[in-house]
Amino acid sequence: MRIYEDPYLLQQQALAWRQAGEEIGLVPTMGALHAGHESLVTRARRENARVVVSIFVNPLQFGPDEDFARYPRPFDQDAGRLTALQVDALFHPSVDQLFPRSFKSAVDPGPLGDRLEGQARPGHFRGVLTAVLKLFELAQPKRAYFGQKDIQQLLLVRQLGRDFALPVHVVACPTVREPDGLALSSRNVYLTAEQRQHAPVIFAALRAAEAAFRTGERDAERLEQLARDRMAAAPGLAVEYVACFDEIGLQRPARAAAGNILATAVKLGSTRLIDNVVLGAGSD
Ligand code: AMP
């Protein structure tokens, strides 16, 4: 595995691969890799001649009061995992290399960027999409792999691809969970032992609502309330939102339908966690 810090060296390599007819799979990450990231990399390895993984803690997508400075950065450990997964190129630029002072542009995510996560984290998706577009230009992927765990991000990257006719297939990968249901996240390391003990209620609540959907409940607000009520019992957990929405406009449907998303963001102490399920997909 070769490690690239210089964006233009990565781009040269990627263009050479493309010219040789080798398809590239890109997995963008912020590092602190876990089995969720690994599932994306494994799939990319299976489907592409070349695999590029980026590790970049993107300052543009963090708010001023968020955890950019303390976000975990176990680089050597991450590089070891990626070598074992037979990644061809690890792209690890500094902030100055990807977004030098001369960098002025940004991607406007449009109205979908202001909803849900975007409402809780103003400017978040502008930062995400700006970095994703640049990563796409540098790594020249045929396919890019994103986790269902960050569903709104996945949908907005899809929208970006459609809007700008990007020649990249956005591949959605299922959420990888701990045995007790907690979605793997780099932020889980922030949880105290007690918070960790209560964290599985997040997925349990979504699943309970999903089960209600399967047995006939179609009122989106009632499904949201069901999940909210289930989480209310957990000490130290504050629900930021529970939202049922369609995959296109991210609007609450008049009647919930299979394929709609039920998503939540909660705070356990100062740690913010998100999760979601697809209604009718059978999440057990
Ligand atoms: P991050 O490093 O948090 O930016 O995540 C990088 C990619 O991994 C994103 O596409 C995430 O959606 C995906 N990802 C994060 N956690 C999981 C998980 N538990 N299961 C599957 N994909 C995940």
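Atoms within a ligand are numbered from 1 in the order they appear, just like the ligands themselves.
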Does His37, backbone or side chain, put an N or O under 3.5 Å from an N or O of ligand 1?
-> yes
Does the side chain of Asn48 come under 3.5 Å of the side chain of Arg143 through a donor N or O and an acceptor N or O?
-> yes
Polar-atom distance check: Gly147 versus ligand 1, any N or O pair below 3.5 Å?
-> yes
Lys/Arg-Asp/Glu bridge criterion (N-O < 4.0 Å) met for Arg252, Glu224 = yes
Has Arg115 got its NZ or CZ under 6.0 Å from the middle of the six-membered ring of Tyr241, at an angle within 45 degrees of the ring axis?
-> no
Per-atom contacts of ligand 1 with Gly36, taking only distances under 4.0 Å to non-hydrogen atoms | 18 (C), 20 (N), 21 (C), 22 (N)
Any atoms of ligand 1 less than 4.0 Å from a non-hydrogen atom of Met30? List them with their elements.
-> 1 (P), 2 (O), 4 (O)
Ligand-residue contact atoms, ligand 1 with Leu40, heavy atoms, under 4.0 Å = 7 (C), 8 (O), 10 (O), 13 (C), 22 (N)
Return the residue, atom name and 0.1 Å-rounded distance of the protein heavy atom closest to atom 20 (N) of ligand 1.
-> Val176 N, 2.8 Å
Can the positive tip of Arg121 be found less than 6.0 Å from the middle of the six-membered ring of Phe68, inside 45° of the ring normal?
-> no
Would Gln225 and Arg222 count as having a side-chain donor-acceptor pair, cut-off 3.5 Å?
-> no
Relative to atom 9 (C) of ligand 1, which among Lys149, Glu38, Gln153, Arg187 owns the nearest non-hydrogen atom?
-> Gln153
The answer for which part of Val27 has a heavy atom under 4.0 Å from ligand 1 is neither
Would you mind running through ligand 1 and noting each atom that sits below 4.0 Å from a heavy atom of Phe146?
-> 10 (O)
Any atoms of ligand 1 less than 4.0 Å from a non-hydrogen atom of Pro174? List them with their elements.
-> 20 (N), 21 (C)
Within reach of ligand 1, part of His34 (heavy-atom separation under 4.0 Å) = side chain
Can you tell which of Leu116, Asp246, Asn276 makes a side-chain contact (heavy atoms from CB on, under 4.5 Å) with Ile261?
-> Asn276
Looking at Tyr145, is Arg43 sitting on its ring face, NZ or CZ under 6.0 Å from the six-membered ring centre and within 45 degrees of the normal?
-> no
Run the numbers for me: atoms of ligand 1, each under 4.0 Å from some heavy atom of Leu184, listed by number.
-> 16 (N), 17 (C), 18 (C), 19 (N)
Any idea which atoms of ligand 1 are less than 4.0 Å away from a heavy-atom of Pro28?
-> 6 (C), 7 (C)
Would you say Ser39 and ligand 1 have an N/O pair spaced under 3.5 Å apart?
-> no
Check: Phe75 ring centre within less than 6.0 Å of His92 ring centre | yes
Shortest non-hydrogen contact from Val157 toward Val132 | CG1-CG1, 4.2 Å
Closest non-hydrogen protein atom to atom 12 (O) of ligand 1, residue and atom name please, with distance?
-> Asp150 OD2, 2.6 Å
For the residue pair Asp96 and Phe103, establish whether any side-chain heavy-atom pair is separated by less than 4.5 Å.
-> no
